[in-house]
Asks: 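Shown below is the structure under consideration.
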Amino acid sequence: HIPHMDTTQPLLIVEGEKDALTMMNLGHNAVSGSGGCDAVPKIPQSFKQFNVIKILYDNDVYGRQGAEKMAMEIYQQIGIIARICEWGEGVPNKYDVTDVMENMK
């Protein structure tokens, strides 16, 4: 999907495929890996097209660790500093972007 994204807008890296679809349906540029928060694939060179890369993984210890790992790999592989998004206080453990959208219904 990257060739069809608006590169003037941030690229969001989310933890799961369902979260990527949720964000894409809302009009955001979104991608995910399919191996979970601990798996980091080879980072595509096409990520360099985006002015901002944000990582928004699930609100749990594994999501935080995975986001840090992903940010480090992005920097090491393509030299871009990705922003790690943080969940606000009071957000339940294991919460993700799809949960946010489902709770807004």
Side-chain angles (χ1 to χ4, degrees):
H1 296 274
I2 290 175
H4 306 287
M5 293 181 179
D6 179 357
T7 57
T8 65
Q9 298 299 313
L11 174 65
L12 301 177
I13 302 174
V14 293
E15 191 169 322
E17 294 172 10
K18 185 176 180 182
D19 295 332
L21 291 172
T22 296
M23 297 308 286
M24 289 170 62
N25 285 334
L26 293 170
H28 298 282
N29 297 323
V31 296
S32 74
S34 60
C37 63
D38 196 41
V40 178
K42 181 172 179 359
I43 305 301
Q45 292 294 311
S46 58
F47 280 20
K48 289 183 177 183
Q49 300 173 66
F50 296 90
N51 294 332
V52 176
I53 297 176
K54 296 181 179 183
I55 303 169
L56 182 56
Y57 279 7
D58 295 0
N59 185 41
D60 56 32
V61 67
Y62 302 110
R64 287 185 287 282
Q65 290 172 352
E68 289 179 19
K69 186 175 179 180
M70 176 64 80
M72 185 175 296
E73 285 297 320
I74 289 170
Y75 183 73
Q76 289 176 347
Q77 291 185 35
I78 63 173
I80 293 175
I81 297 173
R83 300 176 186 175
I84 299 173
C85 300
E86 294 184 18
W87 292 92
E89 278 193 43
V91 175
N93 191 44
K94 300 188 183 292
Y95 217 65
D96 64 28
V97 296
T98 301
D99 293 326
V100 172
M101 298 317 302
E102 289 177 355
N103 287 329
M104 292 179 82
K105 293 179 184 176

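Heads up: numbering here begins at 1 and tracks the sequence.
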Asks: Other residues, nucleotides and ligands only: do more than 12 of their heavy atoms fall within 6.0 Å of CG on L26?
Replies: yes
Asks: Using a 4.5 Å cut-off on heavy atoms from C-beta on, say whether the side chain of K48 contacts that of I80.
Replies: yes
Asks: Quick one: which of M70, M72, Q76 gives a side chain to side chain contact (heavy atoms under 4.5 Å, CB included) with I74?
Replies: M70
Asks: Keeping N59 on the side-chain end and V91 on the backbone end, is there a donor-acceptor pair under 3.5 Å?
Replies: yes
Asks: Would you indicate whether the side-chain heavy atoms of L12 and M23 approach each other to under 4.5 Å?
Replies: yes
Asks: Let me confirm one number: the OG1-CD distance from T98 to E17, rounded to the nearest 0.5 Å.
Replies: 11.5 Å
Asks: Taking C-beta and beyond as the side chain, do W87 and L56 meet within less than 4.5 Å on heavy atoms?
Replies: yes
Asks: Taking the side chain as every heavy atom from C-beta outward, state whether R83 and V52 have any pair of such atoms under 4.5 Å apart.
Replies: yes
Asks: Considering only heavy atoms from C-beta outward, does the side chain of I84 approach that of Y57 to under 4.5 Å?
Replies: no
Asks: With a 4.5 Å limit on heavy-atom distance, are the side chains of Q45 and I78 in contact?
Replies: yes
Asks: Can any side-chain N or O of N25 pair as donor or acceptor with the backbone N or O of T22 at less than 3.5 Å?
Replies: no
Asks: Could you report the tightest heavy-atom contact between D99 and D96, atom names first, then the distance?
Replies: N-OD1, 2.8 Å
Asks: Say you draw a straight line from CD of Q9 to NZ of K54; how long is it, rounded to the nearest 0.5 Å?
Replies: 9.5 Å
Asks: How long is the span from the CG atom in N29 to the CD1 atom in I13, to the nearest 0.5 Å?
Replies: 11.5 Å
Asks: State, yes or no, whether a side-chain contact exists between D19 and D58 at a heavy-atom distance under 4.5 Å.
Replies: yes
Asks: What distance do F47 atom CZ and T7 atom OG1 have between them, rounded to the nearest 0.5 Å?
Replies: 13.5 Å
Asks: So, D60 side chain and N93 main chain: donor-acceptor pair closer than 3.5 Å or not?
Replies: no
Asks: Got a donor-acceptor contact below 3.5 angstrom from the Q49 side chain to the S46 backbone?
Replies: yes
Asks: Is any side-chain heavy atom of H1 less than 4.5 Å from a side-chain heavy atom of M5?
Replies: yes
Asks: Are Y95 and L21 connected into the same hydrophobic cluster when the rule is that any two of I, L, V, M, F, W, Y join if their side-chain heavy atoms are below 4.5 Å apart?
Replies: no
Asks: Please find the pair of heavy atoms, one from A30 and one from A20, that lie closest to each other, and give the distance.
Replies: CB-O, 3.7 Å
Asks: Of the non-hydrogen atoms in I55 and A82, which two are nearest, and what is the gap between them?
Replies: CD1-CB, 3.9 Å
Asks: For Q77 and I43, indicate whether the former's side chain and the latter's backbone hold a donor-acceptor pair under 3.5 Å.
Replies: yes
Asks: Around atom CD of E86, are there more than 12 heavy atoms from other residues, nucleotides or ligands closer than 6.0 Å?
Replies: no
